[in-house]
Amino acid sequence: MMVPVHIWAYAFRIWLAAVVALYVAFWLQLGGASSAAVTVAILAQPTRGAALAKAVYRLAATFIGAAMSIVIAGLFPGERVGLLAAFVLWMCVCVFVASYVRGFRAYAAVLSGYTVGIITVVNIDAPQKVFTAMTDRVAAITIGILCVTLINDLFGSPAVWPGLERRITQAWHDVRDYARDMLSGTNDDAERTGMLFATIAGLRDEVDIVGHDVADGRHRAGGARSAMLALIEIVQQVRFLSLLERGDPFAVTIRDQCLAALDGNRPEALANLVRLRDDEFSRPDATVAAIGQIQQALRCVESMTQIEDGLLSLREGSLPSRDVRLPRRKEFFFALRNAIRVGIAVSAGALFLVLAGWPASALALMITANVCALCTTMPDPSKVVVAAMPSFTLAAVSAYIVHFYLLTGSQDFIRLAIAIAPMMIFGCLLSANPKIAGIGAPMNNIFLFLLAPSNPQSFNALSFFSQCMFVAFALGVAFLAFRVVWPVSGRDKQRAVVRATKETLAASMTGKNYSLPALSIALTSRIADYVAAATDKHRSHPEVLRGLLATNDLSLVSAAAYDHLEQSSDDPAIRSKLGPLQRALRSGNSRRLYAGARSILRRMQEGKAGLHEAQLAALADLWSAGLVLDRERRRIRHFDSRVLIRGEEGR
């Protein structure tokens, strides 16, 4: 298989940056100069924005960990038990925080934890060296960050946004095909909808880092977020429109306008829908069903416009017409479980090392904490450990050959640079392939750690094999920890999604104030988590997935109804009915929801309220909530913890 030229260029840049970082660290005579090269290997990313984003978080986390190292060393001078207990507690706190975030933020959180191990625990018997170790590590990491940044800029590292634009465009094509099928009468396919939501949610990591890409990255990131939200909105709105009666001529007209917009005639479709809405308002027998359908179709077409605007902003770096903030993940149960698991693993590892009486056991404990903490940032930690085992084997063999065959008898830096080139380039080539990235990504890190280039280079075979044993021990402890100590199965993750869905439904129907864009993205991420948790052993049940989708639809439209009713409260007539309308939402009674929507329509037809957008939106939301309840009540009531959505209410 041919390797693309840009992948070779990426591997060459990383090798060159590692060599330059090592040279500068040697020239400055830093202790632990190899940390500069390891930093380059850690920051090895094919795109400039990803490397810069990770560098920023790595530098910030290093400063936090260094400061905490001084604090812990000062609180427990010469007290091994107290210092180890403080280290384990700090690791648990950092892992807990990492479980609440994602991407490079999660990496920064765990880095803040194990930096204390690198600086303080390794020097547990020599506390006077803590400050020197801290300054050397901060300096080495700073050198590594500067080198990889300068080399990437000098050799033209590619930006993130072109690849992200291609992925969003492909997702837009998939959404367009889905919308055409749904509006043309195809039955709702829950699996297809779930996979579509998973694809959109998968854009999140690149959207988070595109802001670090170039000078106008902030605008590009805003455009990407807007396009991502627009994709979600179209899927949600198409699902509402698919609930309409197939034989209703008015519904057919509405769907035809949406299909025309999908084919590129958006201005004409938008004008036709506005004209239909005006004509419907002028009729004395106007119905909330007709107004609601038109409003949902208008939202769908407007979301299509937002996609084009977001892609234009991403492509050209211009200011998008809207900007949204992506919500943070909040999974207290899994965060607590991860923290407890890492605490038990590190404590058990420390106890074993103490009882075994291994020399340099503090280093082994530090490596164990590093491996366990880093694995918690991955979706499936046990698979990460399994993938790291062949990485360790290849890295150990390569480090042994380089160390004891290629470098012996010479302290020549040029020889060192040439000797590490094959392994580093090979590791980068593996990491660039998504299928084997789990093997390639940690390979260079382990290789440089075991090689430990220094000036002058030491050739202590016992020390080398001890470090190999420590890494193997750490991988074994991590594997047992994630397989034996309170493991998280796919079924656990699916149950967590179901539990969170019930809580969101109860909160949205009782009036909790939500940010609608944030809620849309959060619900989409939840469906993506449910789909991702499906394995051969724990498959996603189609009926459960349909129920989750329907419940999320009701949660979203209920939250939107509350929000738009609050915005409409400046009208005295609406304000006087605000309480009954909100109680209708809480009741889960579709007849009361339709009646509330009709009262708003009558108020607007009297000419006293006018065509206020907030009131139109509230009318459409109340009608949509009633429609979802009528069509999906059987599925939704299984997720209603309040037992208020009953089966006897009809239209």
Next item on the list: Walk me through it: do E302 and L270 pass the test side-chain contact (heavy atoms from CB on, under 4.5 Å)?
Entry: CA-CA 8 Å; E302 289 167 358; L270 195 64; 4.3 Å; yes

Check: Does the side-chain contact (heavy atoms from CB on, under 4.5 Å) test come out yes or no for D189 and D181, once each step is laid out?
Finding: CA-CA 10 Å; D189 185 348; D181 292 342; over 6 Å; no

Next item on the list: Kindly indicate, with the supporting measurements, whether the criterion side-chain contact (heavy atoms from CB on, under 4.5 Å) is fulfilled by V342 and V110.
Entry: CA-CA 11 Å; V342 169; V110 298; over 6 Å; no

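To the nearest 0.5 Å, the span separating CG on L519 from CG on N513 amounts to 11.0 Å. The CZ atom of R239 sits 4.5 Å away from atom CG of L549, with the distance rounded to the nearest 0.5 Å. The CG atom of L548 sits 11.5 Å away from the CG atom of D529 when rounded to the nearest 0.5 Å.
Side-chain atoms of T287 and D285 include no donor-acceptor pair closer than 3.5 Å. A donor and an acceptor atom, one from each side chain of R341 and T376, are nowhere located under 3.5 Å apart. Using a 3.5 Å distance cut-off with no hydrogens or angles, the side chains of S624 and D621 do not pair a donor with an acceptor.
Formation of a donor-acceptor pair under 3.5 Å by the S313 side chain with backbone atoms of S318 is found in this model. The backbone N or O of A261 lies less than 3.5 Å from a partner atom in the side chain of R266, making a donor-acceptor pair. Put simply, the side chain of T504 never gets that close to the backbone of T501: no donor and acceptor are under 3.5 Å apart. A donor-acceptor distance shorter than 3.5 angstrom exists from the side chain of T510 to the backbone of A507, with no hydrogens or angles considered.
When the shell of 6.0 Å around CZ of R192 is examined, it contains more than 12 heavy atoms from other residues, nucleotides or ligands.
Look at R546 and E543 and you find a salt bridge, because one of the NZ, NE, NH1 or NH2 atoms lies within 4.0 Å of a carboxylate O, short of that distance. Look at R204 and D208 and you find a salt bridge, because one of the NZ, NE, NH1 or NH2 atoms lies within 4.0 Å of a carboxylate O, short of that distance. Under 4.0 Å is where a charged nitrogen must lie from a carboxylate oxygen, and between R180 and D177 at least one such pair does. E280 has a carboxylate O that lies under 4.0 Å from a charged side-chain N of R283, or vice versa, which qualifies the two as a salt bridge. For E308 and R315, the salt-bridge test fails: no basic side-chain N is under 4.0 Å from an acidic carboxylate O.
For L314 against R220, the heavy-atom pair with the smallest separation is O-NH1, 2.7 Å. Nearest heavy-atom pair across P46 and P158 is O-CG, 3.3 Å.
Seen from the ring of Y107, K54 counts as a face-on cation partner, given the 6.0 Å and 45° thresholds. Geometric assessment of R499 against the ring of F333 yields a positive cation-pi assignment under the 6.0 Å and 45° thresholds.
In this view, Y514 satisfies the ring-ring contact (aromatic ring centres under 6.0 Å, His included) rule with no residue, not counting sequence neighbours.
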Anything under 3.5 Å between a donor and an acceptor, one on a side chain of residues 227-234, the other on a protein residue two or more places apart or in another chain? List them.
{"from": "E233", "atom 1": "OE1", "to": "S303", "atom 2": "OG", "distance (Å)": "3.0"}
{"from": "E233", "atom 1": "OE1", "to": "R322", "atom 2": "NH2", "distance (Å)": "3.4"}
{"from": "E233", "atom 1": "OE2", "to": "R322", "atom 2": "NH1", "distance (Å)": "3.4"}

